[in-house]
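Shown next, in structure tokens, is the structure this report addresses.
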Amino acid sequence: MAKLGQINVFVDMSGGMQGFVHPVAPGASGSGFQNTVTDLLSEVNAQKTRQHMPTGYYFFKESTPADARLLVPSSYDEMTSTVSGGLKNAARGSELPQMLREALKLQAQKPGTVSLLISDFIFAPKEKGQTWKIKTFIKDALSEVDASKLAISVFANTSEYRGNFYPGNRSGKQALNGEKIPYYIWVLGDPALVAQVDAGLLGKLAAQPQAHYNVRFQPAYAVLDFYEPMVGKWTAENGAPGTTPAVTFREKPNFREPAELVLGLNLSKLPPSQTNELSLKTLRLADGAGPATLVRAWPLAQEPAAKSQPAFAKYTHFVQLRFTQAPPRTTLALELARPQPAWIAAYSVADDSNIKKTGAKTFFFKEVMMGVEEYFAGEPGAQRVFSLPVQVETRD
């Protein structure tokens, strides 16, 4: 298993973030942003003690002649104090492509680093006429890293906003008094490590809208040789966790006498938005599956034998495969296609000049995410949630 070596946290300190982070009166509760981010920072800090793992804290700011830095190093205490007490002397924020480049540059200095970027991610190119290039700006910033070695998770949230809101279309600030505004937590790093962080640190955000690209989810699974009735004559070896199950057919299946396998999957650590998508429409067998076909997919709640067979409790879902021909010695892979998150379009708007009327939306957010999509377009791992191999062969 890949080992998490460090977590870097980056918080946007632009003036546009001040509406989320403001002084809280005694006895009052902080904004949704303050509560969520303070909890997240505490969890990151706890990793330092529990796993003896270093952490890094940075604020994003605009580069100026007086201070050319885009990143301002911070500490857990300072960042927590700022988030809970309000931004003071807030700077104009860096543009999103610059934020991505700086985070990835710092991440590359220490293998095993995962970066958390927290911002409203309102990306307005300096030239207003270049909004049509937003996806290209994002793709170019990410392209400095090999897509096979990077994964990105995006968690969306909203929080009440009090103060001046600065629209992406630069139409002039608007005073808000508790209206909900989106903010986002982006997770970048090695595909397996991002999956670990998603399941651990960001577990509390499981119910939030989210999107995952090239994240290497590897759920536990097995071929259930105790499933009844057994169809066909075969044996299965599941081995230790992390090894590929092996199935040997003792008699050759055919159209009249097919063989069927049932796989048990434990998807409890996957985002609900992805496990909810599991069906025969989203499952597939990778190229080279040979004579195997998908027959059925169902959750534990729909398994009639679940109450009488305790072994079923280890799994959340089941998938049935049918063989009508004798498979040669090969490895087939059961894959879940990555869903296209419908929420992204719902969070996006091309004109945020009247955000009170528009509601909780982000300037050209759909185009930002299109840049991420295009960056991963040629990476096969980014087009699926998981790939579960099963070795099959027929005994002569």
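Just so it is clear, the structure is predicted and the values come from calculations on it, not from any experiment. Below, all heavy atoms of this structure are taken into account, side chains as well, without hydrogens, waters or symmetry copies.
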Nearest atoms (heavy-atom pairs only) where [X] meets [Y]:
X      : Y      : answer
Ala141 : Pro97  : CB-O, 3.6 Å
Ile138 : Val368 : CG2-O, 3.8 Å
Val24  : Ser84  : CG2-O, 3.9 Å
Thr158 : Ala360 : CG2-CB, 4.0 Å
Tyr315 : Asn266 : CD2-N, 4.1 Å
Leu278 : Ala297 : CD2-CB, 3.9 Å

Taking atom types as modelled, is there a side-chain donor on [X] or [Y] under 3.5 Å from an acceptor on the other?
X      : Y      : answer
Asp12  : Ser14  : yes
Thr113 : Gln107 : no
Glu43  : Asn45  : no
Asp198 : Ser153 : yes
Gln18  : Tyr166 : no
Ser74  : Glu78  : yes

Hey, is [atom1] on [X] packed in by over 12 heavy atoms from elsewhere, all under 6.0 Å?
X      : atom1 : result
Lys135 : NZ    : no
Arg296 : CZ    : yes
Glu257 : CD    : no
Lys110 : NZ    : yes
Glu237 : CD    : no

Enter the distance from [X]:[atom1] to [Y]:[atom2] here, rounded to the nearest 0.5 Å.
X      : Y      : atom1 : atom2 : value
Arg384 : Leu283 : CZ    : CG    : 13.5 Å
Leu294 : Arg284 : CG    : CZ    : 11.0 Å
Leu150 : Ser143 : CG    : OG    : 10.0 Å

Flag, side chain of [X] to backbone of [Y], donor-acceptor distance under 3.5 Å:
X      : Y      : value
Ser115 : Gly189 : no
Ser42  : Thr38  : no
Gln34  : Val83  : yes
Asn214 : Ala382 : yes
Gln274 : Pro271 : no
Asn238 : Ala222 : no
Glu303 : Ala305 : yes
Gln208 : Ala156 : yes
Asn35  : Gly30  : yes
Gln174 : Ser353 : yes

Note to self: Membership question, hydrophobic clusters at under 4.5 Å side-chain separation (ILVMFWY): are Phe217 and Leu285 in the same one?
What the structure shows: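 Linked within one cluster.
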Check: Are Met370 and Ile344 connected in a single hydrophobic cluster, I mean Ile/Leu/Val/Met/Phe/Trp/Tyr linked by side-chain heavy atoms less than 4.5 Å apart?
Finding: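 As far as the 4.5 Å side-chain criterion goes, Met370 and Ile344 are not connected within one cluster.
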So, for [X] and [Y], is the gap between ring centers shorter than 6.0 Å?
X      : Y      : answer
Phe312 : Tyr227 : yes
Tyr161 : Phe33  : no
Phe365 : Tyr184 : yes
Tyr183 : Phe20  : yes

Next item on the list: Sort out for me which residue in Phe121, Phe60, Phe59 forms a ring-ring contact (aromatic ring centres under 6.0 Å, His included) with Phe10.
Entry: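 Exactly one pass, corresponding to Phe60.
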So, do [X] and [Y] sit near enough that their side-chain heavy atoms are less than 4.5 Å apart?
X      : Y     : result
Leu201 : Ile7  : yes
Val72  : Tyr58 : no
Val44  : Tyr76 : no

Charged N-O contact under 4.0 Å between [X] and [Y]:
X      : Y      : answer
Glu379 : Lys149 : no
Lys366 : Glu373 : no
Arg322 : Glu260 : yes

Next item on the list: Test His212 against Phe155 for ring pair (Phe, Tyr, Trp, His ring centres under 6.0 Å), laying out the working first.
Entry: CA-CA 9 Å; His212 304 273; Phe155 292 81; 5.7 Å; yes
Note to self: Could you go through Asp146 and Ser148, starting from their C-alpha distance and side-chain angles, then the distance that decides it, and tell me whether this counts as side-chain hydrogen bond (donor to acceptor under 3.5 Å, both in side chains)?
What the structure shows: CA-CA 5 Å; Asp146 184 342; Ser148 67; 3.0 Å; yes
Margin query: Assess the residue pair Asp352 and Phe364 against the criterion (side chain to side chain contact (heavy atoms under 4.5 Å, CB included)); give the C-alpha distance rounded to whole Å, side-chain angles, the decisive distance to 0.1 Å, and a yes or no.
Written below: CA-CA 9 Å; Asp352 59 348; Phe364 276 90; over 6 Å; no
Checklist line | CA sep, side-chain torsions, deciding dist, call: Leu334, Val319, side chain to side chain contact (heavy atoms under 4.5 Å, CB included) | finding: CA-CA 9 Å; Leu334 176 70; Val319 178; 4.1 Å; yes
Item checked: Derivation of the side chain to side chain contact (heavy atoms under 4.5 Å, CB included) call for Leu71 and Leu106 -> CA-CA 10 Å; Leu71 291 179; Leu106 200 60; 4.3 Å; yes
Note to self: If we check side-chain contact (heavy atoms from CB on, under 4.5 Å) with Leu188, which of these qualifies: Val194, Leu100, Val114?
What the structure shows: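 Result for side-chain contact (heavy atoms from CB on, under 4.5 Å) with Leu188: Leu100.
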